Amino acid sequence: MKLGLDPAVVRRARELAARAAEPVIEMARTHTTVSVERAVLRLAGVTGADADGIPWVNRIVDAVRDQVGLEHGVALPFFASENWRSMKFALPAGTERDLALMRAREAVGAGVARIDRNRADRDRLLARHGDPEKPWIYLIVATGDIHEDIPQAQAAAREGADVIAVIRSTGQSLLDYVPEGATRQGYAGTYATQENFRLMRAALDEVSAELGRYVRLTNYASGLCMPEIAALAGLERLDMMLNDCMYGIIFRDINPRRTFVDQRFSRQIHARAGIVINTGEDNYLTTADAIDAAHTVVASQLLNERFGHEAGLADAQLGLGHAFEINPRIPDSFRLELAHAQLVRELFPAAPLKYMPPTKHMTGNIFAGYLLDAFFNLAGVMTGQSIILIGMMTEGIHTPWLSDRDLALENVRYVRRAAGDLSEDFTPGPFIRERAARVLSETVDLLHRVADDGLLDAIADGVFGVTRRPADGGRGLDGVVEKAAGYVNPATEILEAAP
Amino acid sequence: MKLGLDPAVVRRARELAARAAEPVIEMARTHTTVSVERAVLRLAGVTGADADGIPWVNRIVDAVRDQVGLEHGVALPFFASENWRSMKFALPAGTERDLALMRAREAVGAGVARIDRNRADRDRLLARHGDPEKPWIYLIVATGDIHEDIPQAQAAAREGADVIAVIRSTGQSLLDYVPEGATRQGYAGTYATQENFRLMRAALDEVSAELGRYVRLTNYASGLCMPEIAALAGLERLDMMLNDCMYGIIFRDINPRRTFVDQRFSRQIHARAGIVINTGEDNYLTTADAIDAAHTVVASQLLNERFGHEAGLADAQLGLGHAFEINPRIPDSFRLELAHAQLVRELFPAAPLKYMPPTKHMTGNIFAGYLLDAFFNLAGVMTGQSIILIGMMTEGIHTPWLSDRDLALENVRYVRRAAGDLSEDFTPGPFIRERAARVLSETVDLLHRVADDGLLDAIADGVFGVTRRPADGGRGLDGVVEKAAGYVNPATEILEAAP
Amino acid sequence: MTVETMKQIIRPYGDTTGDAMIQVSFTLPVPHGPRAELAALQLAGKMGLDPASVVHSKAMGPDFTFFIVYGKATHLIDYAGIEAPEGREFELLTPAQVNAAVKAGLGRRLVVVGACIGTDAHTVGIDAILNVKGFAGEKGLEYYREIEVHNLGAQVAVPDLVARAKAVDADAVLVSQVVTQKSAHIHNTKQMAAAFAEEYPTSLTGGLGRPLLIVGGPRFDTVTPSDLGVDRIFGKGTTPGEVASYLVHALVRE
Amino acid sequence: MTVETMKQIIRPYGDTTGDAMIQVSFTLPVPHGPRAELAALQLAGKMGLDPASVVHSKAMGPDFTFFIVYGKATHLIDYAGIEAPEGREFELLTPAQVNAAVKAGLGRRLVVVGACIGTDAHTVGIDAILNVKGFAGEKGLEYYREIEVHNLGAQVAVPDLVARAKAVDADAVLVSQVVTQKSAHIHNTKQMAAAFAEEYPTSLTGGLGRPLLIVGGPRFDTVTPSDLGVDRIFGKGTTPGEVASYLVHALVRE
Ligand code: B12
Ligand code: B12
Ligand SMILES: Cc1ncc(COP(=O)(O)O)c(C=O)c1O
Ligand SMILES: Cc1ncc(COP(=O)(O)O)c(C=O)c1O
């Protein structure tokens, strides 16, 4: 604890975050969404798609919604149906209801059991192959073609990556369904599908064994299908997932209510699966200024923490995101970055923080880019970050090439080797300490306002990422349904039961 | 004083250095060399060359040596001669001697007065244009053609260089004469000539006025003509000179006695001219290992300091050299560099230390090179170095291109701007403190041995730069002459008189 | 030195006039080794580097090798033959001048519709042009009293864009494309242009029968407006004032 | 993936097979601006990059501009046609084998003279080959009982080298050249070879009438031994064992 933060101020910040989150949590408890219901079906083992490629889970949920309404959940009508392919559903009652409920619990229980097995498998593989030391090196693969991604991911792992993220195709987050099967046609990323998850996890298991080091796999539980993708991640043993309480609202114009309901359910699954979530505060700094908006990052992290805890995530699963995005032309930019990064480190000592490299101020000058990435790597090791996403010198130009990634890894390897323990010699002076204290106090002020005005209003006001998102705007609101009295969700039942 | 060095050990190191230097100083006092004598003539205003390009000073000294012997100095025979172009010389006696002595003192006095005027001019220009803040950025120009060098030097100054060094043509250090005139035909560097000095200083004066920042000029008072080049530097208002008590011995196989005599005289001139010398310890680490030989650097710095002080140099003129040359594959290499750099900084708090970039471990990988140079720049600012030679990403390939220099300056500018005051947050921990203490104690041990065995024997043993140089080997020994009782050198007289 | 720059024929400059030295890096899909180096030199040779030197090569896994090559370019550049691209084809106006011109010329507000189309969600660029906040110290088009801005935001489908443009009777449609992987920006822009052509079959050109089509983004430097079927491309560093001035030039003064 | 590498025709690889993308940087001696960018693109075009994009350009003073360009190389590399350069033309021997071969084959110690010639003072490379300490874990030639080494050090004039080689009746002369600016290494080596040719006018080749001439240094990759008039070139990373083995191959086994 190098910054000498005032514990009373820190406590106050957490109280305010809890107060701001409370009404939204209440809303999330009392509502469901089409994607939550589809996720329940996926956990219950419903897979595949119709001839047009529309997943059965979508067909079913839409039919239930039309014929029964979703306010009771999809589970009872679905499990009451003798032949769901007929797409005729009704709400069961009496013993029929009891039977359906039993079946539903059994089927979903089997899915959750598979998630539990995956978690145990992960623990076993970690024990066998070894868990890499922190900071973990996190690398992105984004060819759009799962069969090009695989060798690139394996190559990256061999070169030292501890975590592989497969970026999604642009636009997937706005699809209200999860595509099926292995895919080879994404734009600037590869579709997140159950089959792609499976293929990549298998490829990384292979390379983990080869390297004697467990290589983690990450994808995005984000966008309109956040709950379903979380379920698929649990079922296919992904290890981390990008999952934020507000990213979809701000950066994808997804409806706020939809997002808050979806994120709660998805986090309950992540909690059970032992998946580390990665939040998206780094993104704020791509639209807002990294100095002016530093406190919005911290405020959002406290909110993400609160929502995460409420959904059952342990501190060790809270990969809170932040980023090295201060304009490099600003005097003392590096020391300001150290102040921000150290502040986050000290506020969340047990969280596996995810630290993002410069993107906004990366230009076509690849040499300047390589340099800035090196200082990012240095800030990462000096402030003890947990997960370091590796910056690419070509960030301002194109999605990473094979050689960009290789050079980026050489960069981080040098920095870790040469200066890995420099934190031993890092004792923040007054400049850094004062900056950190100031960001913290601005955070408290902001959370105060948010708690008073309500989080939804703050979002509508453009507090986060300088983007205004009214509570009733954006995509997917029509997929939100208030739960009825008899609402049944066997997944939440299991997930909310004492473990 | 962050390392907590033991002052008693530091004192001991200085005592030992003085003891080791003493016999050599005595030798330098009692001997002269052909180049010292030629320097006297240059100070007295003898310029130009014969039809074959042999400088008149060489012709004269050789003739005096043949006809009279050099043990009395060149001044008396020369100023006794009515027409020196006849190249007939004799040792004057009686009133003839008095007359010659008077003329010699007058002529050399005029030369020294010009040096004094230049020093005053420099002070005036520094006051007018402004003296850049430390660390000064030191850049090399090396096209071989003074007329290509000039625009490149001006461009470098405009991009932020505070010091311009014009690298000499390979081989010049072994020439026992200084070429004449403007030259356009060097290999990997441009000849050091009086005219080239003049042209470049004028060009930099021009750009200094344009920039409102005095841009310093550096060259090499090194090699067989060290004293003469020192004189020319004083006469043409160069600001710094590479000048080492042992570099020529180790790296150019110049005879040790010759070097020690020459360096003393050249330093007396530098002292008078207000020129900052730059010593060459960095070079040791190009042949020796930077960790194993760290203490040889410090030992040599203490010797250079002692020799410098004895010759009249103030602390502020002792640009002791050291370098960032630890193998980047070694764990903790950067922290070891910090330990070494901080040690030197604390041992010589008033010296304008010159810190040299990585060269030995620079390869054809220009990205890795750019990265290593950035960490060098960072070590420089973190440990408060005074003069930072800017590393080139293409060090492993070719002499710097225009764009290499430009990119290198962007690199150092970023580091200074982003992390210039990081030393405020740098508090060496046990690892760095222990390493520094260890290097210091090894230095004391080594100086002990050198003081006991004699410096010349230590050099013969390969103590510095792992190169063995016997006291009677190497080039130029035949240019060393023991002074006779009536030896006269009007330059030393003036320079050694109380200022 | 400026005489230098008037020379007809130029070559790259390493550290001496005429040395023609340049740097290249690339990956070849072959295992590291002497044969790979020969392949790299063959490529360098075909690129006209002679002599060329592989200064760095590194295996990236068993099947790829990364190279850094330095060499002398044998090509000459005919600098005299390169015309300075005509600057802007239009005059730069202040916001007041733009407003006055629109008022005088159109007698109503000029209507623009902006969007990131396709799956592109990079709105920072289009927002820089449209939002009041603006870019590089200039206010965006929303700030102009005589311009009516409809900013549809990110990931707008082409049919939605066309419909909206029709609905508000747009004078100009401003589209941003930042993602270029697999030439997404080109495909999306062409698709957009085709949709407008279909929707306004009798139009002559932008402003004559259909809205003016403007596209912008950082990596359109390999194509021309006619390649894409649009009226104008704006690249890196565009400011709102330039766009407003162009709108006046294309829609009002003509 | 290894099927990949057997392909006949290959192209550079950015992030997809066949994308042929490469990176280039260079300086042009022209002022920064749009005209300079066109000149850069002209050069890229002549190098066969199509399309090419200037991703960075920066004024370096009033008369120069630095560029970074990315583009698609239109050239194909005939990888099948590139023969793996024959490895070493000689067998690698251990020091003991070398000693035995010299003893048996010559019946006396093999004499080598080494030097950095011209004004070159970079002795680290030749010392790595000659000094006992050696290089990369291998001992240098001084360590070989049956090799007699005369290391003349730095900045040796060619006439001195020739004289010394004659005086000690050298079997081989080992010369190092590290400075390459203005092709110093090439000039110096040729001059050296010419001097030996003159001194031994009736010699047939290295070992037959004159000492074997060996040159080494990090940047001889653009020339062949016959270009220089020497018998063998050794490049970056050469180890003493390779040189000793070659000496046996060329002087003893033949
Ligand atoms: C900010 C950013 C984001 C933000 C976007 C937030 C937002 N609301 O816009 C977030 C974090 C959400 C994001 C996400 C992604 N991004 Co992004 N992102 C960037 C980044 C860092 C900066 C882009 C930017 O804002 N530039 C500043 C603006 C002002 O510049 P500009 O867009 O060029 O606009 C100017 C001109 O071009 C022109 N202009 C632009 N549009 C228009 C339109 C008109 C009509 C006119 C007249 C002028 C005009 O005027 C503007 C002002 O001068 C770049 C990397 C970089 N350093 O460039 C990557 C980058 C653009 N992203 C990229 C990618 C791939 C993605 C992702 C797919 C995956 C990822 N890497 O995270 C996702 C998904 C996005 C999607 N679906 O489209 C790639 C694109 C690669 C390529 N060439 O195809 C880049 C280059 C990064 C990289 N190297 O991989 N990203
Ligand atoms: C060490 C060094 C010095 C030391 C030399 C000390 C010494 N006693 O050798 C000092 C500090 C004195 C020095 C001075 C200068 N140097 Co210097 N120096 C270097 C440096 C950093 C490393 C060279 C080295 O030792 N490599 C390690 C050895 C083991 O590798 P090697 O020489 O390639 O040798 C191997 C093979 O090539 C081969 N080999 C080599 N010779 C031979 C001979 C035979 C017979 C055989 C079989 C094999 C063989 O086997 C060796 C082992 O594998 C390089 C930069 C770099 N990173 O490469 C610059 C570099 C070589 N120097 C350079 C220059 C210009 C100079 C100076 C002129 C100016 C300056 N920049 O300081 C001066 C003057 C030198 C002179 N008169 O020659 C330039 C040359 C540029 C060019 N391509 O023309 C370089 C590339 C730096 C640069 N980018 O400017 N230098
Ligand atoms: C939380 C989160 N979700 C998702 C994404 C990726 O964007 P998309 O929604 O287009 O997949 C990011 C990108 O950084 C993110 O931080
Ligand atoms: C003290 C000193 N003199 C001279 C030189 C340059 O070498 P040369 O003697 O070849 O000019 C150096 C190089 O670093 C040096 O440190």
Side-chain angles (χ1 to χ4, degrees), chain C residues 1-2 4-5 7 10-17 20-31 33-43 46-55 61-64 71 73-79 81-85 87 181-182 219 221-223, chain D residues 1-2 4-5 7 10-17 20-31 33-43 46-55 61-64 71 73-79 81-85 87 181-182 219 221-223:
Chain C
M1 287 281 286
T2 25
E4 205 67 39
T5 64
K7 274 194 196 149
I10 59 168
R11 312 181 100 191
Y13 180 102
D15 72 343
T16 317
T17 300
M21 294 297 290
I22 76 168
Q23 175 271 328
V24 184
S25 77
F26 52 82
T27 297
L28 295 181
V30 296
R35 194 169 165 217
E37 297 218 0
L38 290 179
L41 288 173
Q42 183 182 109
L43 176 62
K46 290 192 172 174
M47 289 171 62
L49 301 186
D50 182 24
S53 235
V54 172
V55 299
D63 300 303
F64 293 92
T74 50
H75 311 289
L76 302 176
I77 303 168
D78 174 13
Y79 194 62
I82 297 176
E83 305 208 359
Q181 210 198 26
K182 305 203 173 134
R219 303 260 173 266
D221 50 353
T222 57
V223 285
Chain D
M1 285 281 285
T2 25
E4 206 66 39
T5 63
K7 275 193 194 149
I10 59 168
R11 313 182 100 192
Y13 180 101
D15 72 342
T16 319
T17 301
M21 294 298 291
I22 75 168
Q23 175 272 330
V24 184
S25 79
F26 52 82
T27 297
L28 294 181
V30 296
R35 193 167 166 220
E37 296 216 3
L38 290 179
L41 288 173
Q42 183 182 108
L43 176 62
K46 290 191 174 176
M47 288 170 62
L49 300 186
D50 182 25
S53 235
V54 172
V55 298
D63 300 304
F64 293 92
T74 51
H75 311 289
L76 301 176
I77 303 167
D78 173 14
Y79 195 62
I82 297 175
E83 305 208 359
Q181 210 198 26
K182 305 202 173 134
R219 303 262 172 264
D221 50 354
T222 58
V223 285

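Here is how names work: the chains are called A, B, and so on, in the same order as the sequence lines, proteins then strands, and each is numbered from 1. Computed from a prediction, not measured in an experiment: that's the story for all the values here.
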Item to check | For chain C, the option from G48(D), P12(D), P51(D), G81(D) that forms the most heavy-atom pairs under 4.5 Å | outcome: P12(D)
Checklist outcome for this item: Residue set satisfying side-chain contact (heavy atoms from CB on, under 4.5 Å) with A36(C), at least two apart, ordered chain then number -> V30(C), T65(C), F67(C)
Checklist entry - Hey, is the main chain of V55(D) close enough, under 3.5 Å, to the side chain of R219(C) for a donor-acceptor pair? => result no
Checklist entry - Roughly how far, to the nearest 0.5 Å, is the OH atom of Y79(D) from the CZ atom of R35(C)? => result 4.5 Å
Item to check | Contacting moiety of A52(C), where chain D heavy atoms sit under 4.5 Å | outcome: backbone
Checklist entry - Contact part of A40(D) toward chain C, heavy-atom cut-off under 4.5 Å: side chain, backbone, both or neither? => result neither
Checklist outcome for this item: Bottom line for D15(D): the part with an atom under 4.5 Å from chain C's heavy atoms is side chain
Item to check | Sole candidate of I77(D), L76(D), I10(D) that passes side-chain contact (heavy atoms from CB on, under 4.5 Å) when paired with L43(C) | outcome: I77(D)
Item to check | Spacing of E83(C) atom CD and L38(D) atom CG [to the nearest 0.5 Å] | outcome: 10.0 Å
Checklist entry - What pairs with P34(C) under side-chain contact (heavy atoms from CB on, under 4.5 Å), at least two apart in sequence or on another chain? => result P85(D)
Next on the checklist: I'd like to verify something: which residue of I82(D), V54(D), V24(D) has the highest number of heavy-atom pairs under 4.5 Å with chain C?
Outcome noted: I82(D)
Item to check | Minimum heavy-atom distance between D221(D) and S53(C), given as atom pair plus value | outcome: OD1-OG, 2.8 Å
Item to check | Region of S25(C) that comes under 4.5 Å of a non-hydrogen atom in chain D | outcome: both
Checklist outcome for this item: Given M21(D), E37(D), R11(D), M47(D), the one with more heavy-atom pairs under 4.5 angstrom with chain C than any other is M47(D)
Next on the checklist: As an exercise: rank D78(D), T74(D), T16(D) by heavy-atom pairs under 4.5 Å with chain C and give me the winner.
Outcome noted: D78(D)
